[in-house]
Every structure is written in C-alpha cells, then in structure tokens.
Amino acid sequence: MQRRIERVLIANRGEIARRVQRACRQLGIQSIAVYSRADRLMPYVAEADQSYFLGESDARDSYLNIAHLLEACARCGADAVHPGYGFLSENAEFAEAVAAAGLIFIGPPPPAMRAMGDKIQARRLMEARGVPVAPGYHGEDQSAQRLVEESRRVGFPLLIKASAGGGGRGIRLVEDVAEFEAALASARREASNAFGNDTVFLERFIQAPRHIEIQIFADGHGNVVHLFERECSVQRRRQKVIEEAPAPNLPTRTRDAMANAAIEAARAVGYEGAGTVEFVYSDADGDFYFLEMNTRLQVEHPVTEMTLGVDLAVEQIRVAMGEPLSFAQGDLQQHGHAIEARIYAEDPARDFAPSAGRIVRFETPDLEGLRVDAGVESGSEISIYYDAMAAKLIAWGAVREAAIDLLDRALAETVFFGPASNLEYLRAILSETRFREGRYTTALLSEQLANWQPAPWEGQAAQTALEAAALVAYHNLSRLPANSSAGVADGGDRGEVYKRLAGFRLWTD
C-alpha cells in the first residue's frame, strides 16, 4: 500500500540530519528538525522547514526521549520519522511507537530490527540460513563455568562479545584461559551499563582480518538487491576512521559470495529499507564470516552513492512510502573509486580525547570529485554531550590512487580552527605504504601508527606564539563592521590568512 509522505521529522542531529534534509528537498517533502539546548544554533536547525525544541542537552532528555519525539511529531504535523543513525535508529520500541502513533517509520520492520539487534539470535538465524558464522558459543547457559568450558573448546585467542552490543562496547579480546574470567566480568559490566543487558557470546578471533560490509536494499514488493561492498578495515579501537568502495584486492569470487550471503540475511528477517551486512574476512585462507547487520543507513554510505550514482536517503523515503525500488540488481554497476575520511574534534596528542568548544573557522576546498557532509560550520559549538564527528570528506576518482590523492589534498586544504582535530592523523594514514597498496587489515593503525604524534610547532616558540596571537587578533578584528576604523583592509585575502596559519595549534595547558 502506497502512502504519500509530506513532512518528515528527523529524529537526529548534525550531518545526518542535514543529509536527510537534502533528500527531503529533492522529493518536495518538508523536513522537521528537533534539537536539544546544546544544538539550538546548529546549522541543521536553521536549515529545516520547521524545528522543535526537545529538551536539555543530555541525550536522555532529548534525542533518546521517545515521548518527547512523539510530542514533536504531533505538534509539527509530521507524518513520518527518519531516525538517521545512532540514538534510536535501531530501537524496535521506537519504531513500534512511531507506527502506533499512525506515522511512517523510515526504516525496517521492528521484527527485523529485533532479530538483528540481538547478536546471539542473529548468529543462530544466519547459521540456519547457511550464512558463514565464525566458530564460537552462543548458547543459553550464561554461567561463568559453562563459558570457561566453551572458551577452551573454541580456542584462543577469542572474543567475548555483548549480545546487545554495538559501537565496539562490551567486547574483550582474550589471549589465554587464565585471563578469561576477569575479561568476562569486565565485558558484562560494560554491556550492562551500555545496553542494560549483560548476555554475551564467544567468537573465535580471526587473526589480522579485514572488515568488509555489503550494502543491501529491500522494498515491500519482494525485491532485495545488494549495492556492492565497502572496505572498513581502517579502525582505531574498533571505530571506523576511513572507508572506501570498492574494497581493494578483494577476489571477485569472495565479493560475489559475500553479496549473496548478505541478500540471504536480509530475506531471512523480512527486511525492508537500507541495511548493511558486515563480515570479517581473512586474506590468509579466503574465509569470511558474518559479523552483524546494521538495520539503518551507515555513516559511510556516501562512498556507495558516489560509485553507483544512487541516492540512498531518497530511496529510503520512497520505499517507506510503499514504492518499489527504483533500480534492479542488473542496473547497478560500480564506477571509479570513492574514499571517505571522518573528521573528529579530538586531540591526537592527548590519546584522541574529545575536544569541545567553538569552531573559530571551518573551511573545506571546492574541488571536483569532492563531497563534504558536515554537521558544523564556522561558529558552531562542538558539544561534550554527543559524538565528536564534525564532518566527512568523500573523494571520488576514476581509479583508487586518484581518489586517495584527491582526499589527501582536500584534507591538507581543510581549515579547522578551535577544538583540536584528527586532520593530520588522517593524512598520516593515507601516506602509509600498506594503505596505499590496498593491502591492510584492521591491525593497520595499531601496528603502523600506534605511537603517532602530531608534528611539533615549527620555528622558534616566540615566533609561533606571535603567529598564533596574530590569528586571534585577526579573527576579532574581522568580526567588526566593514566601515569601522579598526577593521581589516585585506583586499579580499582574509581566507588566505587563515590558510597560512592553518598549521598552528593553540595549546592551553
């Protein structure tokens, strides 16, 4: 049954909210933004057709508060909700509450979300459908004694993983049985605090694996397609940093087998909408295993869009309205190569601690083949309350080397003043030989960049301090009215001054 959507409430913030707003504009649909106190001046709020204040800055009082979100829907006249990613995007109770309110949830059916949200249930389901699953234990007996016994059977090293986990939480790598019980207790505590569920399962640790994911899409008419793979092996502490499509040096036979397994996984749960099936893959023996399914749009979806020429957010909305997919499997062909880097407001010199504060200046270059998905602009505040990702740069090239070179140039020309950022770190990754050759695993950063530090200030300290002081003074003067006698007569070269000073960081100890 088809049902027209006129107003979409976006139950999220930042760059994904702006991304969905663009899709709504393309379809002639009004977008409704929701915001917390900390986000009241963020760009996505100003750019929406309507906006609604949710609550205080803590996510529990705003973006995670289902009652507040449904109240916003009622007040703003929304007839659909897009959850974005993170927050409530994979929460089946939220999807059910949206449907119970008579609204369309732009995402998969709640039963599919529940089936894939429980990692143990998902493993059992995949096994039953013939999808490869890593050796392990996912039984109902959760006693420490039984888990110790099963750990010996599975073999070491192994992973203890939270059944309700996500985002790298509730996971412990165990090298020896002597470490097992302490690691089990630690994983359970973290899982309980993060997800309210301390159920775990065991999985054999695949040495030096690659992390490959398959984008899938399904509609309510029985159509299920895959949109090829993404390489997501550049990870720091199990968090993705750089992603690309297609995956380099992946055998065609393996790629096809993964794609077929992903489609089978989607059919197994009656999936609808956009989703991603994640696998670990071993170059050593050519085996791959099901890891999990993300029942939402992924942060890295732009690399798929840029290599296929499709708009996944637009397609999500159309499928939610009951329309069939606008493409068949045979219509999809990859062109060129795309690579994405996540810009975080974090301080590499302080073990990548989040770095909050006002962004004095944020500029990205205007380059052919470069896409910028940003949640911030100059003057925006990086809050302590939410994820530190500020923007994504996505580069496309006819070949992989061209895409990497374009991304490196874009990062070099990006200006991010205020909070610390990982810009230099991203460029260091792109310069790594193993990355350039496309022969890397999830161990790349821990093995090659474990001791990486930002470059020290250049020149003498006195000169550096003078340059930094000049930047601050210049910024303050440039905010004065143009006709002010204290203004800066720069003849239009203001941006160049910022760029010349982009290499300097202001440290406050």
> Does the pair Glu300 and Lys392 meet the rule for a salt bridge (Lys or Arg N to Asp or Glu O under 4.0 Å), with working shown?
CA-CA 9 Å; Glu300 57 271 20; Lys392 304 177 306 195; over 6 Å; no
> Just by distance, do the side chain of Asp39 and the backbone of Met42 share a donor-acceptor pair under 3.5 Å?
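No; zero donor-acceptor contacts below 3.5 Å.
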> At their closest point, which heavy atom of Ser383 faces which heavy atom of Ala356, and how far apart are they?
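So the minimum-distance heavy-atom pair works out to C-CB, 4.4 Å.
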> If I compare all heavy atoms of Ile339 with all of Ala403, which pair ends up nearest, and what's the gap?
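That closest heavy-atom pairing would be CG2-O, 3.7 Å.
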> Does this structure show an ion pair linking Arg169 with Glu190, if we count only N-O contacts that are shorter than 4.0 Å?
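No, no charged N to carboxylate O under 4.0 Å.
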> Would you say the side-chain atoms of His68 pair up with the backbone N or O of Leu54, donor to acceptor, closer than 3.5 Å?
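Between the backbone of Leu54 and the side chain of His68 there is a qualifying donor-acceptor contact (under 3.5 Å).
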> Assign the ring pair Phe87 / Tyr63 to parallel, tilted or perpendicular, where the plane angle (0 to 90°) is split at 30° and 60°.
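Ring orientation, 0 to 90° scale: parallel.
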> Would Arg255 and Phe279 count as a cation-pi pair here, with the cationic atom under 6.0 angstrom from the ring centre and within 45° of the axis?
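No, a cation-pi geometry is absent between Arg255 and Phe279.
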> For Tyr44, is there any backbone N or O sitting under 3.5 Å from a side-chain donor or acceptor partner on Gln21?
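Yes; judged by distance alone, with no hydrogens or angles, the pair exists.
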> Given Tyr440, which partner from the list Arg210, Glu447, Glu231 fulfils the side chain to side chain contact (heavy atoms under 4.5 Å, CB included) test?
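Among Arg210, Glu447, Glu231, the one that satisfies the side chain to side chain contact (heavy atoms under 4.5 Å, CB included) with Tyr440 is Glu231.
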> Does any part of the side chain of Glu315, heavy atoms only, come nearer than 4.5 Å to the side chain of Arg318, both counted from C-beta?
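Answer yes - side chains close enough.
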> Taking NZ, NE, NH1 and NH2 as the nitrogens, is one of them in Glu278 or Lys240 under 4.0 Å from a carboxylate oxygen of the other?
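Counted as a salt bridge, because a side-chain N and a carboxylate O are separated by less than 4.0 Å.
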> Looking at Arg13 and Asp387, is there a salt bridge between them, counting it only when a charged N and a carboxylate O are closer than 4.0 Å?
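Answer for the salt bridge query: no.
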> Does this structure show an ion pair linking Arg436 with Asp405, if we count only N-O contacts that are shorter than 4.0 Å?
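Yes.
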> Under 4.0 Å between a Lys/Arg side-chain N and an Asp/Glu carboxylate O for Lys119 and Glu203?
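No salt bridge links Lys119 with Glu203.
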> Among residues at least two apart in sequence or on other chains, which ones pass salt bridge (charged side-chain N to carboxylate O under 4.0 Å, His left out) with Asp311?
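Asp311 satisfies salt bridge (charged side-chain N to carboxylate O under 4.0 Å, His left out) with Arg19 only.
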> Within the distance-only criterion (no hydrogens, no angle test), does the side chain of His211 pair as donor or acceptor with the backbone N or O of Val234 below 3.5 angstrom?
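Such a contact is absent between His211 side chain and Val234 backbone.
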> Among Thr307, Leu312, Thr276, which one satisfies side chain to side chain contact (heavy atoms under 4.5 Å, CB included) with Leu227?
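Among Thr307, Leu312, Thr276, the one meeting side chain to side chain contact (heavy atoms under 4.5 Å, CB included) with Leu227 is Leu312.
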